[in-house]
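Written out below as structure tokens is the structure these notes cover.
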Amino acid sequence: MVRIRDDDSSEDEAPPSERTSQPPAAAPEAEPEPAAAPEPAAAPLPPAAAAEDDSSDEDDDVPLSKRKAVENVITAKPQPAAPSPKPKANGNGVAPPKPAAAKAPAAPKAAKAAKAPASPKAKEKKKPKYSESSADDDADSDSDYDKKPAKKQKKAPAKPSAKGGGGGDDAGTSYGDRWYEEVDGSEWKRGGVKWKTLEHGGVMFPPLYTPHGKPFYYDGAAVPLTAEQEEVATMFAAMRETDYAKKETFQKNFMEAWRPLLKKTDEGKPVKKFDKCDFSAIAAHLEEEKARKKEMTKEQKAEAKKEKDAAEAHCVFALIDSRKEKVGNFRVEPPGLFRGRGEHPKMGKLKARIWPEDITINVGEGAPVPAVPDLGDGKRHRWGDVVHDNTVTWLAKWMDSINGDVKYVMLAANSSWKGMSDLAKYEKARELKKHIGRIRADYMKGMKNPDMEAQQKASSSARRRAPRPAPPAAVAVYLIDRLALRVGNEKNTDEEADTVGCTSLRVEHVFLDEGDNKLRLKFLGKDSIEYDATTDIIPEAYKALKSFVKKKKPGDQVFDQVNPTELNDYFKHFMEGLSAKVFRTYNASITLDAELRKTEQMVSARQRAAEGDVVALMAYYNIANKNVAELCNHQRATPASHANAIAKMDEKIETLKAELKELKKAGSGKERASPSPPRPPRPTRPGGTPRPRPVEAMTKRISKMEADRRNKDETKNVSLGTSKINYNDPRVTVAWCKRFEVPIHRPFPKTLLAKFTWAMSVEPDYEF
DNA sequence: CTCTCTACTTAGTAAATCCAGT
DNA sequence: ACTGGATTTACTAAGTAGAGAG
């Protein structure tokens with residue numbers, strides 16, 4: 001059970017997976033509690049013996065280069081020399097690292113100073129609320145990661161210097177500004193001032209189309225195409241083996257987009273029917289191109305990459321209040337056929353090419369406006385607009401031709417802006433811990449509210465205290481809380497795929513006949529990912545739901561009258577800034593925390609001995625991660641190679657087991673002679689028949705193999721990444737790594753490490 | 001209020017890269 | 001050293017939700 005920090009109530013705070021209501025994620029089949037999971041095959045040796053020789057092994061799999069990176073991320077001092085305070089107007093002044101005296105003020109602080117009268121107070125909470133001990137702990141905790149001595153320093157800390165003109169720093173290691181030591185996230189507000197100075201290199205445009213001249217056939221006859229026509233034909237040819245290309249909607253939309261282009265030059269013989277189109281020659285050409293690319297030598301590839309990097313270098317970084325920050329998506333989206341998810345009515349439409357004239361640049365008032373690149377079409381282009389809006393974080397934007405929605409160019413995930421916002425998100429979610437008891441109590445009462453008919457509205461914000469939701473709103477909140485559903489904003493089904501969330505659930509998505517107090521929901525959620533789970537729910541909710549679906553048609557809304565805005569207004573009564581999505585973050589993170597707190601019980605010594613500490617621990621971490629992913633219904637397509645891979649593993653396991661048997665039989669006596677045999681150099685020999693190895697090594701290998709197999713199968717269609725990136729408070733993971741001496745790069749690959757720099761110095765006993 | 005606009009987070013998949021087994 | 005599968009990153013679609021307009 002999670003210990004409760006500064007909380008009054010002893011309300012049920014258990015994460016969903018620990019409550020009576022069964023974990024929502026998976027299908028009806030009972031989810032194996034982690035407890036049931038990894039049990040190593042019987043280890044014939046005393047664990048201790050096996051454990052002994054393990055550590056070296058484990059160290060080996062820690063690439064030192066990476067470890068170095070980790071260290072950098074954690075300990076990197078703020079670059080003492082900030083870039084020049086006022087770069088001169090040279091269009092790409094962002095690139096070269098410039099020396100300067102000016103100390104960079106953290107953006108949000110500036111923001112606060114600028115607008116918040118509360119700024120003196122803010123100063124006091126310099127240090128993150130939840131980290132009890134002070135600045136020096138930083139160094140301490142860092143050293144946790146160095147316990148395993150960095151023995152062989154393969155590479156000197158050589159920087160991958162001067163990558164392009166970009167200033168020569170690898171992602172995430174040297175922007176220097178430790179904003180997270182100054183702020184606690186609370187100052188990150190929409191509409192607030194985000195920067196004082198902003199300078200950047202604009203955007204990169206995709207290359208113009210180069211015609212290949214390969215024939216297109218219609219009804220058996222070659223139809224010559226202009227470059228413009230060929231471009232679109234080629235887009236389709238490139239996709240013709242995908243599922244999209246086989247869908248009627250896609251074909252129809254594609255033809256509707258393409259035909260008008262064709263008309264311009266068509267004489268009398270219109271290309272009309274999709275079925276008569278033959279793109280095979282073009283497709284063959286694309287294949288060839290791909291093959292040619294593949295055949296390039298290593299040097300050629302490196303050369304090409306170098307050129308590309310050089311061309312983009314000026315866009316890679318932005319200079320914000322004298323901090324150098326990485327830009328995320330500075331490449332303008334190329335034209336193409338729209339790939340909407342699910343049954344999207346617009347799939348196959350032509351997404352138009354974006355020109356400088358379509359783009360609005362946001363840049364500091366005094367800063368140079370980024371140069372409009374030469375697109376190579378012989379025309380002089382200009383930006384559509386240039387603005388200086390310091391209340392937003394986008395550097396450029398344009399309107400997308402498919403849905404008319406705005407696309408933004410923003411900073412990368414490792415930037416301080418994203419980091420602050422991330423920190424604020426998790427602090428908000430932690431704050432919910434303090435209020436969740438009241439909220440749950442309130443919606444429980446709400447469900448029993450007799451004036452069901454009266455109105456389904458949550459409560460008007462005019463009502464100041466004790467908001468009491470009407471039953472429907474109460475049930476909706478219950479589902480958002482316990483099943484981690486999204487709120488479900490309204491959608492336009494003519495223009496978008498038909499997907500729903502909590503408030504937009506329809507009668508046809510709800511099944512109440514699976515048993516008493518069992519709720520089955522089956523619907524398409526975000527990205528048209530199916531949610532299909534049966535959950536034990538409280539009788540009050542069950543009863544209420546029955547009444548909500550009564551006398552309604554399948555297509556009717558279950559929660560008519562309940563809408564996201566009202567729910568969010570209602571949430572505001574309990575906590576500032578509380579909205580429906582916070583519940584997902586809260587539930588995800590608290591689940592991860594709770595699961596990881598069981599590590600000692602769940603990862604047996606035997607297991608650790610057999611598989612190695614880090615391996616066993618990470619296997620458990622992944623199980624915890626998986627539980628969160630299932631809670632949030634994060635899915636992925638089963639990898640095509642899955643069945644194959646499993647079969648292979650089974651085969652391998654069998655082989656190993658047979659070998660083990662042999663080994664035992666053969667070496668029964670002497671094998672054990674020396675208690676700790678000096679580790680022979682890894683017998684990596686070519687050829688098949690493995691030289692006999694110590695029994696314990698073989699056993700270890702088998703258990704690892706089996707653990708891997710189990711893991712792979714259980715996660716074949718669970719996407720772990722999404723929760724790791726967006727829902728799990730990284731400090732939970734970092735603290736766990738510190739407690740169990742797991743290298744942080746095991747759960748967090750390079751980019752996540754960079755993204756979560758702000759979380760690295762957390763105390764080992766951090767609690768979500 | 002309701003509806004639309006805006007900005008930002010969250011999401012799965014395609015492409016690129018890595019890496020382990022031959 | 002190669003290669004194919006696994007892992008990681010890039011890409012961009014699809015959500016949420018606050019703010020502003022009507």
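Just so we're clear, the structure is a prediction, and the values are computed from it rather than from any experiment. Every chain is numbered from 1 and lettered A, B, ... according to where its sequence line falls, protein lines coming before strand lines.
For A:K716, the side chain to side chain contact (heavy atoms under 4.5 Å, CB included) partners are A:T638, A:H642, A:D713, not counting sequence neighbours. Residues forming a salt bridge (Lys or Arg N to Asp or Glu O under 4.0 Å) with A:R331 (at least two apart in sequence, or on another chain): A:E312. Legend: residues meeting side chain to side chain donor-acceptor pair (under 3.5 Å) with A:E496, ordered by chain and number and at least two apart, are absent. Checked against salt bridge (Lys or Arg N to Asp or Glu O under 4.0 Å), A:R636 has no partners two or more places apart in sequence or in another chain.
In this structure, A:K301 reaches neither bases nor backbone, as no heavy-atom distance under 4.0 Å exists between it and the strands shown. A:K724 comes within 4.0 angstrom of no nucleic acid atom, judged by non-hydrogen atoms across all strands. Contact annotation for A:A497: no contact, since no heavy-atom pair falls under 4.0 Å across all strands. Looking at heavy-atom distances under 4.0 Å, A:G488 makes contact with sugar-phosphate atoms alone, never a base. At a threshold of 4.0 angstrom between heavy atoms, the contacts of A:E496 with the nucleic acid are absent.
Partner of A:T499 under the side-chain hydrogen bond (donor to acceptor under 3.5 Å, both in side chains) criterion, out of A:K526, A:K491, A:H344: A:K491 alone.
For A:N568 and C:dA17, the shortest distance from a side-chain N or O to OP1 or OP2 is below 4.0 Å.
Near DNA chain C, meaning a heavy atom under 4.0 Å away, the residues from residues 333-349 of chain A are A:E333, A:P334, A:F338, A:R339, A:G340, A:R341, A:H344.
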Given protein heavy atoms under 4.0 Å, the one-letter contact record of nucleotides 3-10 of chain B, with B base, S sugar-phosphate only and - none, is simply ---BBBSB
